[in-house]
Amino acid sequence: MLIKALNEYYNILARNDKVCKDGFSRQNITHMIMLRKDGTVSDIINVEQESEPDSKGKTKLQPISMVLPERTQKPGIDGNIVEHRPLYIFGLNYDNKSGTYSTEDSTDKAKKSHKAFVDKNLEFTEGMTSDIVTAYRNFLQKWNPQVETENELLVNLGKAYSTANFIFGLDGHPEIKLHDTDGEIAQKITELKKSVGPVQGNDICAVTGEKGEISVTHDKIKGVRNANATGALMVCVNNTAECSYGKEQAYNSSITQTTMKHYTEALNTLIADKNHRIYLDDMTVVFWAMSDDDSKETDLFASMLGFDDKIDADEMNGILLKSLNDVNQGKSPDLTELDIDKNVEFYIVGIAPNVSRLAQKFIYRDKFGNIFSHIARHQADIMIVNSKGNIPMWRIFRELKPPQSTNYTTPPPLMASVFGAIINGTRYPESLLENAVRRVKTDRDDKDDKKNVKVNYVRAGIIKACINRKDRYSKNKEEIKMALDIENNNQAYLCGRLLAVAEKIQMESVKGGDLNRTVKDTYFSSACANPAKVFPNIMKLEQYHLEKIKKNNENGVGYAIRYSKIVSEIMDKINYEFPKTLSLDEQGKFIIGYYHQEQAFYKKKETNDKEI
């Protein structure tokens, strides 16, 4: 399904001039070599651009994407027209330990690579007379790797040399580049491709059904996070166990060269465009709509899930609220005001690295209107008291990360399942609830040297969403509300409320309410799993702290009476008998009960310090 969809999207991109023409491909470039007309190198300029700030506000330099003559896909030594790889261009190896250059290696790869580059490009540029090509030919003929091992420009590159990709520009005229589409080299490639025409063959493509020649190897996909820097393969058959009926390599995939070029070019174009791509841990997610201009759909999709802020937060909340109202009334969301066709097909694909290959972790396809309404429902489900607007996808996964871990990444199956639940409007995976409950029970907030149980609005929202959606699909009418629900008689929910009250009483018993450790921090995990085991101790401490309130607070008696009333109301509802154990769902309700009651105290304190 993925290759077929990408092949169709290529046709859309092609008619809008958004993909490389035949004979060209995109390449990530880090530096530009400035050539004088006599072929000498005047400078090597870093052309990387600063990335957008990440979630922590940090930026980094990243390569720019440029269209160059098509790259070779052959294994071994094989040069490109307008080469970009340093070993081929300069014929030098760099030693990271000593920081020196040399032409020597055990297989003479540097010498062979440079010779292949020079021979191929001199032959191809024969007869060309433009200033940039003349400078390039002079460089090919004059550059001698053996006498350039201490070249100052290369020495300044240092370790960046090995991973750099280069283009060529004309000294004094940086706007003139060797690979320019109106240059002699690009024009010759275009003419050659026209004269050769499409590859002919009688094989049937398994994707399109059209005749052509099967592609033995497939082009690499670049830009996938943590995949091979030079690119990785989506289709690759190189083990004998994967071959059948005597067919080798990609003959087993039955994809013609035309289809191969189309799907790889479309996917590379999507990944290179930040408006069609996001990163989540090790996963690269691409998305697009099957329309000539899908910018409005992709912008809205990314904003709905918190991946960018192209749409103002207040405007986004208004859009989601209106959509949710439509859904609740049994109507399809109206997107005409946004100039969006709700019936356009929309795709979301998750890709993760797998050694030198790529693994498709999920692919979802639906009408954009359906996806939009499902995301609106997701944001409504995850919203809870004190929520700060839409909760981004990256924030959900970050809350599942153990705080002590420095290299933790969300398991791709969990990420795919969560995406599926959001996009299709289905139940969240049980593992999402398990992870959220575990993190609340085990994590601590190390703030001001205080280790406090971490119950924030994101984790509480995740738990609320999981439980509510499970109840909804089980046709259970009970649903957890946004804020404190004094009519909720669930035993686990009441126990959570009771712990919040006990903590509040303890904090009020100390002048200033400043404690290094509260009953919540001491008993939360145990109380969440085995209430009957620890709540008797909590209740004894509660009585002790109530007495302290009476003594230490100017309005102590009034406070004590009010808190005692809340405790009595809760105890009456649980019949003064605590559950022995709580299931996973009940532990989630316990956490929500605690969070709701805590936020209710906090809100009332903000409104009036003398009210509870």
Side-chain angles (χ1 to χ4, degrees), residues 2 28 51-63 163 220-234 236 267-268 270-272 274 276-287 301-302 304-308 348-364 375 378 382 390-423 428-446 454 456 458-459 461-463 465-466 584:
L2 174 59
N28 290 331
S51 67
E52 293 183 353
D54 59 18
S55 58
K56 296 181 180 179
K58 296 181 179 180
T59 61
K60 62 180 180 180
L61 290 178
Q62 58 185 17
T163 56
K220 293 180 178 179
I221 308 301
K222 299 175 182 178
V224 174
R225 175 169 284 181
N226 291 337
N228 194 318
T230 60
L233 297 168
M234 181 65 76
C236 177
L267 186 52
N268 277 321
L270 286 167
I271 294 175
K274 62 182 180 181
H276 288 87
R277 170 264 301 152
I278 55 172
Y279 293 121
L280 284 172
D281 287 347
D282 279 348
M283 188 174 291
T284 300
V285 181
V286 293
F287 43 91
F301 173 79
M304 289 164 71
L305 291 177
F307 293 123
D308 65 37
I348 307 116
V349 181
I351 304 170
N354 183 17
V355 194
S356 62
R357 306 183 189 183
L358 299 177
Q360 173 193 309
K361 293 301 180 180
F362 62 79
I363 178 170
Y364 299 113
I375 296 178
H378 157 73
I382 207 169
N390 288 355
I391 297 178
M393 283 286 294
W394 62 263
R395 181 70 190 276
I396 292 175
F397 294 127
R398 192 181 77 178
E399 290 299 336
L400 307 180
K401 175 183 177 180
Q404 299 83 7
S405 175
T406 57
N407 57 358
Y408 174 87
T409 57
T410 307
L414 173 59
M415 197 177 292
S417 299
V418 173
F419 252 106
I422 294 173
I423 301 305
Y428 296 102
E430 194 75 2
S431 54
L432 179 62
L433 178 60
E434 291 173 359
N435 276 275
V437 170
R438 184 187 306 117
R439 294 273 62 84
V440 171
K441 290 169 61 178
T442 59
D443 291 356
R444 296 292 182 269
D445 234 344
D446 295 344
K454 189 174 182 181
N456 59 31
V458 181
R459 290 179 175 179
I462 293 171
I463 294 169
C466 289
L584 177 64

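Heavy atoms only: backbone and side chains are in, while hydrogens, waters and symmetry mates are out.
At least one side-chain heavy atom of Leu433 sits under 4.5 Å from a side-chain heavy atom of Ile463. The side-chain heavy atoms of Ile348 and Phe301, taken from C-beta on, include a pair separated by under 4.5 Å. Side-chain contact between Met393 and Ile422 is present, with at least one heavy-atom pair separated by less than 4.5 Å. Under the 4.5 Å side-chain criterion, counting only non-hydrogen atoms from C-beta, Ile278 is not in contact with Trp394.
In this structure, Asn28 contributes its side chain and Gln62 its backbone to no donor-acceptor pair below 3.5 Å. At distances below 3.5 Å, not a single donor-acceptor pair connects side-chain atoms of Arg439 with backbone N or O atoms of Glu399.
Checked against His378 for a side-chain contact (heavy atoms from CB on, under 4.5 Å), the options Ile396, Ile391, Ile423, Asn390 give a single hit: Ile396.
Shown here are the salt bridge (Lys or Arg N to Asp or Glu O under 4.0 Å) partners of Glu434, two or more places apart in sequence or in another chain: there are none.
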Going by atom type alone, with no hydrogens or angles, which donor-acceptor pairs under 3.5 Å involve a side-chain atom of residues 410-421 and a protein atom two or more places apart or on another chain?
from	atom 1	to	atom 2	distance (Å)
Thr410	OG1	Asp281	OD2	2.7
Ser417	OG	Pro413	O	2.9

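Expressed to the nearest 0.5 Å, how far CG of Asn354 lies from CG of Leu233 amounts to 11.5 Å. Atom OH of Tyr428 sits about 9.5 Å away from atom CD1 of Ile462, to the nearest 0.5 Å. Here Leu2 contributes atom CG and Leu267 contributes atom CG; the two are 6.5 Å apart, rounded to the nearest 0.5 Å. For the atom pair CZ of Arg395 and CG of Leu305, the computed distance is 15.5 Å after rounding to the nearest 0.5 Å.
Between Arg225 and Thr284 the shortest heavy-atom distance is N-OG1, 3.0 Å. Ile221 and Asn268 make their closest contact through CA-OD1, 3.3 Å (heavy atoms, listed as atom of the first residue, atom of the second, distance). Minimum heavy-atom separation, Thr442 to Arg438: OG1-O, 2.7 Å. Shown here for Cys466 and Leu432, the closest heavy-atom pair between the two residues is SG-CD2, 3.7 Å. Nearest approach of Leu280 to Phe397, heavy atoms of both residues: CD1-CE1, 3.9 Å. Ile351 and Val349 make their closest contact through CG1-CG1, 3.9 Å (heavy atoms, listed as atom of the first residue, atom of the second, distance).
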CA sep, side-chain torsions, deciding dist, call: Val286, His276, side chain to side chain contact (heavy atoms under 4.5 Å, CB included): CA-CA 6 Å; Val286 293; His276 288 87; 5.6 Å; no
